[in-house]
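I have placed the structure first, in the form of structure tokens, so that the comments after it can refer back to it.
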Amino acid sequence: MATEPRPFRLVVFGASGFTGQFVTEEVAREQLASGLSWAVAGRSREKLQQVLERAALKLGRPSLSSEVGIILCDITNPASLDEMAKQTTLVLNCVGPYRFYGEPVVKACIENNTSCIDICGEPQFLELMHLKYHEKAAEKGVYIIGSSGFDSIPADLGVIYTRNKMNGTLTAVESFLTIHSGPEGLCIHDGTWKSAVYGFGDKGSLRKLRSAASLKSIPLVGTKLKKRWPISYCRELSSYSIPFLGSDMSVVKRTQRYLYENLEESPVQYAAYVTVGGISSVFKLMFAGLFFLFFVKFGIGRQLLIKFPWIFSFGYFSKQGPTQKQMDGSSFTMTFFGQGYSQGLSTEKNKPNIKICTQVKGPEAGYVATPIAMVQAAMTLLNDASDLPK
């Protein structure tokens, strides 16, 4: 990473966006503990100033605005991105959907010896950036780290935590995400909805990308993990579940590949699911899912899905995002069911003989847990670089 002094240790890019404002608040909390020098960046000075003023009011820090730098830059102006990257050691990129707006930031950061962290849940973007820029980033000695929010830190570290707690060899894990809502219900900002619409509309590109990557398959250790049906019942949690379609599978598999290829650790098979409740929820979901899958195939259908998220998601996604009360009342639990082999038992011809269950719990996933995860990932990168993989 950059060795010459720079004005800021980190910059929050897209600080005036819906998620960016919460990341800004979280960095301000961290600043109190660490004396961090930092800045916010985006297109509008006025909007950035308003975000800092709101954070100052919420945290009881009237002097906050005067302590934080403001950098004006635009995703469509590469020179302005270069200028931002030159002023900091690390960029926290909050501008999505990343498939449209992420690559120019990655490029500017690498060219200017600056590391970058994002909170992307889009497998296609993550895998494409790894394929295109891994070698360049390694040459420069910078880190480009995707999915450092709710997607996919709980899943990735949850699997590693489960492996570390297993008294034997862990060979397979299924995770089940349960979202808990308070009396005000649930709501998610439509930025996440847009990423899902474009991701499903372009699934073929992800298949082609994975084919072009030509990665060697990692060995299957132990009994093969059976794939569940699109809707299946989890007896342990007394709930129906569906596959979780975020970046968790992509991220966990890449970590397991790294651990196997570089540290010669036994790879763990992984599958991710989300619980949906009882049978009435299943019928609602099937109805909504059929609607979604039909509309997402066509250009005009995708436009309708993006224009009216509230209608097509049955109220779960909106352009306004959740209220503070909804966020305060929400939380998540991720339950990991692992299986493996006791010490000394061969994984080759025997069936798994031990099981383990672990949980990762946290506050509201998108706008409370994600900023905490992102900012702590940033502090790890800034303070513990000597312990990170080279």
Side-chain angles (χ1 to χ4, degrees), residues 8-31 36 38-52 54-55 58 68-77 80-81 84-85 87-109 114-122 125-126 129 143-153 188-196 198 246-247 317 319-322 327 364-382:
F8 307 111
R9 293 199 79 201
L10 70 79
V11 169
V12 181
F13 179 49
S16 58
F18 191 80
T19 307
Q21 64 183 320
F22 297 111
V23 173
T24 300
E25 279 178 23
E26 192 57 35
V27 176
R29 286 189 189 95
E30 183 61 43
Q31 180 197 7
L36 192 69
W38 64 293
V40 290
R43 288 177 298 181
S44 165
R45 181 179 291 276
E46 188 184 349
K47 286 183 180 176
L48 293 169
Q49 194 66 46
Q50 284 170 1
V51 166
L52 289 174
R54 277 201 300 273
K58 196 169 176 181
V68 181
I70 290 180
I71 300 171
L72 295 182
C73 62
D74 189 328
I75 201 75
T76 61
N77 183 342
S80 72
L81 295 176
M84 170 184 70
Q87 295 184 61
T88 184
T89 306
L90 173 64
V91 170
L92 270 57
N93 184 14
C94 303
V95 180
Y98 290 92
R99 65 168 53 234
F100 299 129
Y101 308 120
E103 187 168 358
V105 181
V106 170
K107 198 173 177 188
C109 284
T114 303
S115 288
C116 180
I117 287 176
D118 70 44
I119 42 176
C120 175
E122 305 162 45
F125 172 79
L126 295 162
M129 291 305 98
Y143 295 90
I144 307 298
I145 305 177
S147 303
S148 292
F150 176 72
D151 292 310
S152 290
I153 283 179
I188 305 169
H189 188 258
D190 78 328
T192 305
W193 175 258
K194 284 177 187 171
S195 297
Y198 290 123
S247 59
F317 291 84
K319 292 182 184 293
Q320 294 76 34
M327 288 191 285
E364 190 279 333
Y367 315 106
V368 182
T370 286
I372 291 169
M374 188 185 208
V375 174
Q376 290 311 310
M379 297 316 294
T380 300
L381 191 57
L382 290 171

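Closest non-hydrogen pair, Ala377 versus Ile153, comes out as CB-CD1, 4.5 Å. Between Cys116 and Val105, the shortest heavy-atom contact is SG-CG1, 4.2 Å. For the residue pair Ala39 and Ile71, the shortest heavy atom distance occurs at CB-CD1, 4.1 Å. Looking at every heavy atom in both residues, Ser80 comes nearest to Asp74 through OG-N, 3.0 Å. Taking both residues in full, the closest heavy atoms of Asp151 and Ser247 are given as CB-OG, 3.5 Å, listed atom of the first, atom of the second, then distance. What you find for Thr88 and Leu90 is that their closest heavy atoms are OG1-O, 3.0 Å.
Separation of atoms CD (Glu46) and OG (Ser16) is listed at 10.5 Å; rounding is to 0.5 Å. Atoms NZ and CD1, from Lys107 and Ile144 in turn, are 13.5 Å apart once rounded to the nearest 0.5 Å. The distance from the OG atom of Ser115 to the CD1 atom of Ile145 is 7.0 Å, given to the nearest 0.5 Å. Distance check, rounded to the nearest 0.5 Å: CZ of Phe13 to SG of Cys109 gives 9.5 Å. Put simply, OG on Ser44 and CD1 on Ile70 are 9.5 Å apart, with the number rounded to the nearest 0.5 Å. Atom CG of Leu36 and atom CG of Leu10 lie 4.5 Å apart (nearest 0.5 Å).
Of the possible polar contacts, one joining the Arg9 side chain to the Leu382 backbone as a donor-acceptor pair under 3.5 Å is found. Judged by distance alone, the side chain of Thr370 and the main-chain N or O of Phe150 form a donor-acceptor pair under 3.5 Å. In this structure, the side chain of Tyr367 engages the main chain of His189 through a donor-acceptor pair within 3.5 Å. Of the possible donor and acceptor atoms, one in the side chain of Thr114 sits under 3.5 Å from a partner among the backbone N and O of Ala85. Of the possible donor and acceptor atoms, one in the side chain of Asp118 sits under 3.5 Å from a partner among the backbone N and O of Ser147.
Side-chain atoms of Val40 and Val51, non-hydrogen and from C-beta on, never get closer than 4.5 Å to each other. Residues Tyr98 and Asn93 have side chains in contact (heavy-atom distance under 4.5 Å, counting atoms from C-beta outward). In this structure the side chain of Gln21 never reaches within 4.5 angstrom of the side chain of Thr24, judged on heavy atoms. Side-chain contact between Met129 and Cys120 is absent, with no heavy atoms from C-beta onward closer than 4.5 Å.
Residues in residues 17-31 take part in these salt bridge (charged side-chain N to carboxylate O under 4.0 Å, His left out) pairs, two or more places apart or across chains: Glu25-Arg29, Glu25-Lys58, Glu26-Arg29.
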Practice task
Evaluate side chain to side chain contact (heavy atoms under 4.5 Å, CB included) for Gln87 paired with Val11, printing each intermediate quantity in order.
Solution key: CA-CA 9 Å; Gln87 295 184 61; Val11 169; 5.6 Å; no
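For Arg45, the salt bridge (charged side-chain N to carboxylate O under 4.0 Å, His left out) criterion is met by no residue, not counting sequence neighbours. In this structure, Lys47 has no salt bridge (charged side-chain N to carboxylate O under 4.0 Å, His left out) partners at least two apart in sequence or on a different chain.
Just one residue in the list Ile117, Val12, Val27 forms a side-chain contact (heavy atoms from CB on, under 4.5 Å) with Val375, and that residue is Val27.
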